[in-house]
Amino acid sequence: MSKPKAAVFASGTGSNFQAIMEQPDLACDIALLVSDQPVAKVIEKAKNNHVPTVIFQAKDYKDKSAYEEMLADKLIKAGVEWIFLAGYMRIVGETLLKKFEKRIVNIHPSLLPDFPGKDAIGEAFRAGVNKTGVTVHYIDAGIDTGPVIAQAEVAVLPDDTEETLKKRIQRAEHRLYPEVINHLLGK
Ligand code: GRF
């Protein structure tokens with residue numbers, strides 16, 4: 001039986017994309033990588049993994065619904081059923097939320113609802129918390145606000161710098177995200 005198809009949306013380095021690709025028993029096929037950045041390390045990673053890419057620039061479209069209609073069309077044509085956000089630096093709008101209801105998932109580097117937003121690791125570090133972590137959640141129209149699916153705690157150690165903490169959080173992300181994807185897809 002063929003596996004369900006998914007797309008990863010990413011704007012940056014793509015370490016989570018790579019971790020998903022390297023999961024030996026991944027329950028879906030990653031059929032597309034969508035990026036809003038014409039130059040990004042994740043695009044090279046997609047090419048190395050033979051994953052087709054859809055690259056767009058928001059400025060080329062009239063508004064969010066215009067580029068999301070274009071994306072929805074390509075996703076549907078490719079047979080994509082699930083969207084996994086992995087460092088996609090845009091808020092997903094109504095168009096995609098409606099067409100992929102309960103099928104868009106994000107990973108965020110904190111224990112939500114603590115530290116939403118772009119600098120979750122830096123904010124947790126500066127706040128002096130003794131633990132933080134990672135969250136995989138469904139998305140809704142807010143920023144890092146949708147229902148939580150799974151979390152993993154990461155200790156903040158006394159001699160941590162923001163960089164060492166970030167590395168430990170990334171390792172937790174790379175373990176958790178592929179596991180949750182398999183769980184969601186029934187594996
Ligand atoms: C990750 O920390 C993820 O939690 C956040 O964006 C970052 C993406 O990193 N949403 P990478 O591009 O997967 O390395």
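Keep in mind that this is a model prediction, so the values were computed, not measured. Whatever order the structure lists them in is the order used to number ligands and atoms, beginning at 1. Both backbone and side-chain heavy atoms feed into the values below; hydrogens, waters and symmetry mates do not.
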Please state which protein non-hydrogen atom is closest to [atom] and give its distance, to 0.1 Å?
atom: atom 5 (C) of ligand 1; value: I107 O, 3.8 Å
atom: atom 7 (C) of ligand 1; value: G87 CA, 4.1 Å
atom: atom 3 (C) of ligand 1; value: E173 OE2, 3.3 Å
atom: atom 14 (O) of ligand 1; value: S15 OG, 2.5 Å
atom: atom 9 (O) of ligand 1; value: N16 ND2, 3.8 Å

Query - Atoms of ligand 1, numbered as shown, that sit under 4.0 Å from any heavy atom of T13 - result: 12 (O), 14 (O)

Query raised in the report: Can you list the ligand 1 atoms lying under 4.0 Å from a non-hydrogen atom of H108?
Result: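 Heavy-atom distances to H108 below 4.0 Å select 4 (O).
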
**Report entry** Polar contact flag for Q170 and ligand 1 (N/O pairs, less than 3.5 Å)
**Finding:**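 Not met; the criterion fails.
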
Query raised in the report: Just distances here: any N/O of G14 and N/O of ligand 1 closer than 3.5 Å?
Result: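 Between G14 and ligand 1 (N or O atoms, distance only) the closest approach is under 3.5 Å.
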
Report task. Run the numbers on E94 and K64 for salt bridge (charged side-chain N to carboxylate O under 4.0 Å, His left out), then give the verdict. Result -> CA-CA 9 Å; E94 251 179 56; K64 191 187 287 282; over 6 Å; no

Query - From E162 atom CD to E123 atom CD, the distance as rounded to the nearest 0.5 Å - result: 10.0 Å

Query raised in the report: Can you tell which of V92, I91, I83 makes a side-chain contact (heavy atoms from CB on, under 4.5 Å) with I139?
Result: V92

Query raised in the report: Are the side chains of E68 and K99 in touch, meaning some heavy atoms are under 4.5 Å apart?
Result: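 Answer no - side chains too far apart.
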
Query raised in the report: Taking the inter-plane angle between the rings of Y61 and Y67 on a 0 to 90° scale, is it parallel (under 30°), tilted (30 to 60°) or perpendicular (over 60°)?
Result: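 Perpendicular: the ring planes of Y61 and Y67 meet at over 60°.
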
Query raised in the report: Taking atom types as modelled, is there a side-chain donor on D114 or S110 under 3.5 Å from an acceptor on the other?
Result: no

Report task. Determine, using the 4.5 Å side-chain heavy-atom cutoff (strictly less than), whether L184 and M21 are members of one ILVMFWY cluster. Result -> yes

